[in-house]
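Note that this is a predicted model, so its numbers are computed, not measured. A, B, ... follow the sequence lines: proteins, then strands. Residue 1 opens every chain.
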Amino acid sequence: MPDNIAATLLDWYDLNARDLPWRARPGANATDPYRVWLSEVMLQQTQVATVIPYFEKFTARWPDFAALAAEEDAEVMSAWAGLGYYARARNMLACAREVARLGAIPDTEAELLRLPGVGGYTAAAVAAIAFGRRAVVVDGNVERVVSRLFALSDPLPGAKPQIRALTDSITPDARAGDFAQAMMDLGATICTARSPRCLLCPLRSACAAFAGGAPETFPVKTKKAAKPQRYGTLFWFERDGQVLLVQRPDKGLLGGMRALPTGPWVESPPGIEGAPVAVEWRILGSGITHVFTHFRLDCALAVATIGAQEAVQGIWWPVAEIESAGLPTVFAKAVEAIRRAR
DNA sequence: AAGGCGTGGGT
DNA sequence: TACCCAAGCCT
């Protein structure tokens, strides 16, 4: 049966593979390891439709490892703004520079695993897709497809070792990269989380969850804790057509990104505590809401347009060019709300 | 080794 | 609405 699953899925993939910019077109050059690696980093916890415009922008501007490695940090972080999980961008740049130093990206899973920002999934994916090696590629799609194929009752994340072993058992020696991409295409388009389209699925006859009549109940997962609510204040301080920005520290939330000055993000509304300068702040009537991975944030917006004469620590950025500052989405939302309020 | 770490889409 | 989820990695 394992042989049958791989062969059936690869036949389906040959007819139904999605046309994605990091995949080699039929008759085109072989897959470019740089493009495969870059796409895999961008795709970590991020959907294909979100990644595509960023991938096009990055590859047009930085077509290979050397070009990316030579770029300044701030330019790369700014280009990444809005894509989220900003540690990926810092690790991506460190990885590009390591690859430039090595001369080429390694072509084995074990060596790939040592690169910054390359974990078990990405190492296996690059080894298989870019270099044709047999590797067991397990992402969220594969976890879902496999847990349904075998109707696994053990909940995630505890079931990960079992899922990896089962994925290994159905991974073919040849075309492991296509097999991995086929599993992910299947998971993204047919074996979806909420309403799987089982009648279109090439693996329907091999699927224990389909046979059991409730495929959407797999994979079983342990419940997640509710997100806590936090509150804060964002400060818009403008002088002579320029607004005050800050550079956030490299570690932690939104690390290494330019940002509006903020006070602390705490359990109850803090007022203007943490303001970058002691002036008369005007609190706008409505603030912004933003949801991060592990907490929900309601922020008041404090505005001061009267010039203070004392020196202020930070980055003065032209208000007319604020879109080019590379602000994370939470701050872009604030900028838009402030613009509408004035 | 469990929790920190973004954002947008889907239901 | 308020969740859940998405081509995970790092510490």
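Side-chain contact, A:Asp185 with A:Thr189: no donor N or O sits under 3.5 Å from an acceptor N or O. In this model, no donor atom of one side chain and acceptor atom of the other lie less than 3.5 Å apart for A:Gln47 and A:Thr50. Between the side chains of A:Glu71 and A:Trp62, at least one donor-acceptor pair of N or O atoms lies under 3.5 Å. A:Tyr121 and A:Glu40 are linked by a side-chain donor-acceptor pair at a separation below 3.5 angstrom, with hydrogens and angles left out of the test.
Between A:Trp37 and A:Tyr34, the ring-plane angle classifies as tilted under the 30° and 60° cut-offs.
Not one side-chain nitrogen or oxygen of A:His290 sits closer than 4.0 Å to the OP1 or OP2 atom of B:dG6. For A:His294, a side-chain nitrogen or oxygen approaches OP1 or OP2 of B:dC5 to under 4.0 Å. The phosphate of B:dT7 has neither OP1 nor OP2 within less than 4.0 Å of any side-chain N or O from A:Thr50.
Chain A approaches DNA chain C over the interval C:dC4 to C:dC10, counting the first and last nucleotide 5' to 3' with an atom under 4.0 Å from its heavy atoms.
Residue contacts shown for A:Val48 include a base, since a base heavy atom lies under 4.0 Å away. A:Val142 comes within contact range of no nucleotide atom at all, as no heavy-atom separation falls under 4.0 Å. Within the nucleic acid shown, A:Trp80 has no heavy atom closer than 4.0 Å to any nucleic acid atom.
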Distance-only criterion, 3.5 Å: show the donor-acceptor pairs between side-chain atoms of residues 264-289 of chain A and protein atoms not counting sequence neighbours.
from     : atom 1 : to       : atom 2 : distance (Å)
A:Trp281 : NE1    : A:Val277 : O      : 3.2
A:Thr289 : OG1    : A:Asp298 : OD1    : 2.7

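One C1' atom belongs to B:dG9, the other to C:dC9, and the distance between them is 23 Å to the nearest Å. With P as the reference atom, B:dA1 and C:dT11 are 16 Å apart, rounded to whole Å. Between the P atoms of C:dA7 and B:dC5, the separation comes to 23 Å (whole Å). Spacing of P atoms, B:dT7 relative to B:dG3, comes out at 23 Å, to the nearest Å.
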Q: Kindly determine whether A:Phe235 and A:Leu260 satisfy side-chain contact (heavy atoms from CB on, under 4.5 Å), including the steps that lead there.
A: CA-CA 6 Å; A:Phe235 298 95; A:Leu260 292 178; over 6 Å; no

Q: With ring pair (Phe, Tyr, Trp, His ring centres under 6.0 Å) as the test, would you mind laying out the steps for A:His290 and A:Phe292 before giving the verdict?
A: CA-CA 7 Å; A:His290 191 74; A:Phe292 290 104; 4.8 Å; yes

(Q) A:Val335 vs A:Trp236, test: side-chain contact (heavy atoms from CB on, under 4.5 Å). Steps then yes/no. (A) CA-CA 8 Å; A:Val335 168; A:Trp236 178 272; 3.9 Å; yes

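The interatomic distance linking A:Arg90 (CZ) with B:dG6 (C1') rounds to 12 Å, in whole Å. Atom pair A:Leu156:CG and B:dA2:C1' shows a separation of 15 Å (rounding to whole Å applied).
A donor-acceptor contact under 3.5 Å is formed by the side chain of A:Thr293 with the base of B:dG6.
Looking at A:Asp14, A:Asp178, A:Leu203 one by one, the single match for side-chain contact (heavy atoms from CB on, under 4.5 Å) with A:Leu9 turns out to be A:Leu203. Test A:Arg90, A:Arg97, A:Arg258 against A:Asp73 for salt bridge (charged side-chain N to carboxylate O under 4.0 Å, His left out) and you get one pass: A:Arg97.
Proximity of residues 257-268 of chain A to DNA chain C (heavy atom under 4.0 angstrom from any strand atom) is not detected for any residue. Near DNA chain B, meaning a heavy atom under 4.0 Å from it, residues 178-200 of chain A has A:Arg194 in order of number. The stretch residues 248-255 of chain A has no heavy atom under 4.0 angstrom from DNA chain C at all.
By the 4.5 Å heavy-atom criterion applied to side chains, A:Gln162 and A:Leu152 are counted as neighbours.
In this structure, A:Phe58 has its ring center no closer than 6.0 Å to that of A:Phe55.
Comparing A:Arg296 and A:Gln44 by the nucleotide of DNA chain C whose heavy atom lies nearest to each, the residue mapping closer to the 5' end is A:Arg296. Both A:Arg88 and A:Gln47 sit near DNA chain B, but only A:Arg88 has its closest nucleotide nearer the 5' end.
Residues passing the side chain to side chain donor-acceptor pair (under 3.5 Å) test with A:Arg88, sequence neighbours excluded: A:Thr46.
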